[in-house]
Amino acid sequence: ITYNMNGTSRGEVRTITKTIRTQDYAKTILNTSNLVGYFRLGEDSGTNAEDLSTTGNDGTYTNTPTQGAAGGLRGDLNPSTTFASGSLEYVEASDNAAYDFGTSDFAIEFWLNITSWPGSVQYLVSHGGNGDYDEWETRLDASVEGRFSSRIHTAGGVAITVTSGSDSNFVESGWHHIALVMDRDGNAQWYKDGATYGSATDISSASTNELNYVASLWIARRTSALYLDGSMDEVAIYNKALSASEISNHYNVGSTSLY
């Protein structure tokens with residue numbers, strides 16, 4: 001984009017050129033290995049939520065969430081979607097083997113903006129979410145601002161809760177990049193804005209439990225309700241444990257001014 005500006009009183013013309021790159025983040029995600037789901041949630045209208053990963057398992061916007069709002073990526077014109085729990089708004093994608101991680105590592109990442117921290121649990125991205133042994137989930141914890149949690153079960157059915165740090169300024173500071181990494185025979189770790197967020201949790205005792213739940217993929221809810229109030233952007237799912245450097249790079253690409 002080129003701007004011509006009248007300069008000094010002598011009438012000289014100055015030309016300032018700014019190049020706006022709107023797809024750098026998407027290219028980065030699509031070039032990350034083991035991507036099995038990528039929902040940008042950037043549609044301006046309609047009910048189809050496109051999955052840009054090779055899985056190609058598009059979702060459906062349900063109950064008319066607000067589309068086309070400003071997104072979480074700095075300098076990227078791609079919008080986001082805002083969900084309201086009172087209207088039961090969410091995205092649903094049909095069950096797919098790509099979300100059945102078995103005993104393999106996996107990771108979930110997204111951008112999130114909420115205007116108030118909920119007083120009850122609200123779900124973000126989940127494959128199931130009812131407490132069954134073979135599902136996975138991500139959610140906002142109630143009452144403690146900025147705290148996220150997930151659960152994974154041992155083969156014997158014992159639930160291990162994976163909790164993030166907390167941040168009393170989470171709401172006030174707007175958009176955040178969030179990631180959860182599950183190293184099945186090691187630790188689970190939450191990340192916020194490119195850095196570790198809270199302590200790692202040992203989940204090795206759950207390494208033999210098969211995560212092959214038969215259910216839809218949900219964004220902004222779980223199988224039995226618990227809807228989200230907030231905006232989500234750039235939901236990505238991987239069948240590997242993202243490295244700390246990959247997460248940091250994703251955050252930096254999405255948060256750095258592109259002009």
Side-chain angles (χ1 to χ4, degrees), residues 1-5 14-33 35-84 87 89-93 107-116 124-125 138 169-179 191-195 217-220 228-238 242 246-259:
I1 297 176
T2 300
Y3 303 88
N4 291 321
M5 303 174 65
R14 298 174 181 175
T15 299
I16 301 174
T17 301
K18 294 185 177 183
T19 302
I20 300 179
R21 297 168 290 160
T22 61
Q23 297 296 324
D24 283 29
Y25 186 85
K27 289 178 182 177
T28 300
I29 300 303
L30 290 168
N31 286 329
T32 303
S33 63
L35 179 71
V36 296
Y38 184 28
F39 302 87
R40 299 203 74 190
L41 304 181
E43 290 81 8
D44 288 316
S45 61
T47 60
N48 189 70
E50 186 179 11
D51 174 12
L52 293 178
S53 76
T54 56
T55 304
N57 189 37
D58 293 356
T60 301
Y61 291 105
T62 302
N63 294 327
T64 321
T66 302
Q67 298 167 277
L73 306 181
R74 186 168 183 179
D76 192 316
L77 302 180
N78 195 70
S80 66
T81 295
T82 301
F83 301 92
S87 301
E89 298 168 359
Y90 60 94
V91 170
E92 178 181 3
I108 315 296
E109 72 174 337
F110 48 86
W111 291 75
L112 177 70
N113 184 21
I114 55 177
T115 56
S116 63
L124 298 158
V125 187
T138 58
N169 293 313
F170 189 95
V171 171
E172 291 82 354
S173 47
W175 282 99
H176 294 280
H177 177 256
I178 303 295
Y191 291 79
K192 178 172 73 72
D193 298 337
L217 176 74
W218 306 101
I219 298 174
L228 174 69
D229 278 310
S231 300
M232 293 190 73
D233 203 7
E234 308 291 336
V235 174
I237 304 166
Y238 307 85
L242 287 174
E246 285 176 313
I247 292 170
S248 176
N249 180 54
H250 292 181
Y251 169 69
N252 288 334
V253 171
S255 63
T256 303
S257 177
L258 299 180
Y259 16 94

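Owing to the predicted nature of the structure, the values given are computational and were not obtained by experimental measurement. All residue numbers in this chain count up from 1 along the given sequence. Just so it is clear, the values below take in all heavy atoms, side chains as well, and ignore hydrogens, waters and symmetry mates.
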*Asks:* Nearest 0.5 Å, please: how far is CG in Asp76 from CG in Asp24?
*Replies:* 8.0 Å
*Asks:* Of the non-hydrogen atoms in Gly72 and Asp233, which two are nearest, and what is the gap between them?
*Replies:* N-OD2, 2.8 Å
*Asks:* Measure from the side-chain N and O atoms of Thr81 to the backbone N and O of Leu41, and report whether any donor-acceptor pair falls under 3.5 Å.
*Replies:* yes
*Asks:* Using every non-hydrogen atom in the two residues, find where Leu35 and Gly37 come nearest and quote the distance to one decimal.
*Replies:* CD1-O, 3.4 Å
*Asks:* Under the criterion side-chain contact (heavy atoms from CB on, under 4.5 Å), which of Ile237, Thr32, Leu242, Val125 is the partner of Glu109?
*Replies:* Leu242
*Asks:* Rounded to the nearest 0.5 Å, what separation is found between the CZ atom of Phe110 and the OG1 atom of Thr138?
*Replies:* 4.5 Å
*Asks:* Using the test side-chain contact (heavy atoms from CB on, under 4.5 Å), find all partners of Ala69 that sit at least two apart in sequence or belong to another chain.
*Replies:* Ser80, Thr82
*Asks:* Working to the nearest 0.5 angstrom, can you tell me the gap between Asn78 CG and Asp44 CG?
*Replies:* 8.5 Å
*Asks:* Is there a side-chain contact between Asp229 and Ile114, using heavy atoms and a 4.5 Å cut-off?
*Replies:* no
*Asks:* Between Glu43 and Ala49, is there a donor-acceptor pair closer than 3.5 Å when you use the side chain of the first and the backbone of the second?
*Replies:* no
*Asks:* Evaluate the ring planes of Trp111 and Tyr25, with Trp represented by its six-membered ring, and classify them as parallel (under 30°), tilted (30 to 60°) or perpendicular (over 60°).
*Replies:* perpendicular
*Asks:* Show the nearest heavy-atom pair for residues Ala93 and Phe39, with the distance to one decimal.
*Replies:* CB-CZ, 4.2 Å
*Asks:* Residues in ring-ring contact (aromatic ring centres under 6.0 Å, His included) with Tyr238, at least two apart?
*Replies:* none
*Asks:* Tell me every residue that passes salt bridge (Lys or Arg N to Asp or Glu O under 4.0 Å) with Glu246, counting only those two or more places apart in sequence or in another chain.
*Replies:* Lys240
*Asks:* Say you draw a straight line from OH of Tyr251 to CG of Asp193; how long is it, rounded to the nearest 0.5 Å?
*Replies:* 4.5 Å
*Asks:* Please enumerate all residues that pass salt bridge (Lys or Arg N to Asp or Glu O under 4.0 Å) together with Glu234, with sequence neighbours excluded.
*Replies:* Arg40
*Asks:* If the condition is ring-ring contact (aromatic ring centres under 6.0 Å, His included), which residues does Phe170 pass it with, not counting sequence neighbours?
*Replies:* Trp117, Phe148, His176
*Asks:* If you define the side chain from C-beta out and look only at heavy atoms, does anything of Trp175 sit under 4.5 Å from Ser231?
*Replies:* yes
*Asks:* Taking ring-ring contact (aromatic ring centres under 6.0 Å, His included) as the test, write out the residues that go with His250, two or more places apart.
*Replies:* none
*Asks:* Supply the atom-to-atom distance Asp58 CG to Leu52 CG, rounded to the nearest 0.5 angstrom.
*Replies:* 8.5 Å
*Asks:* Within the distance-only criterion (no hydrogens, no angle test), does the side chain of Ser53 pair as donor or acceptor with the backbone N or O of Thr55 below 3.5 angstrom?
*Replies:* yes
*Asks:* Looking only at atom types and distance, does a side-chain atom of Asp51 sit under 3.5 Å from a main-chain N or O of Gly56, one as donor and one as acceptor?
*Replies:* yes
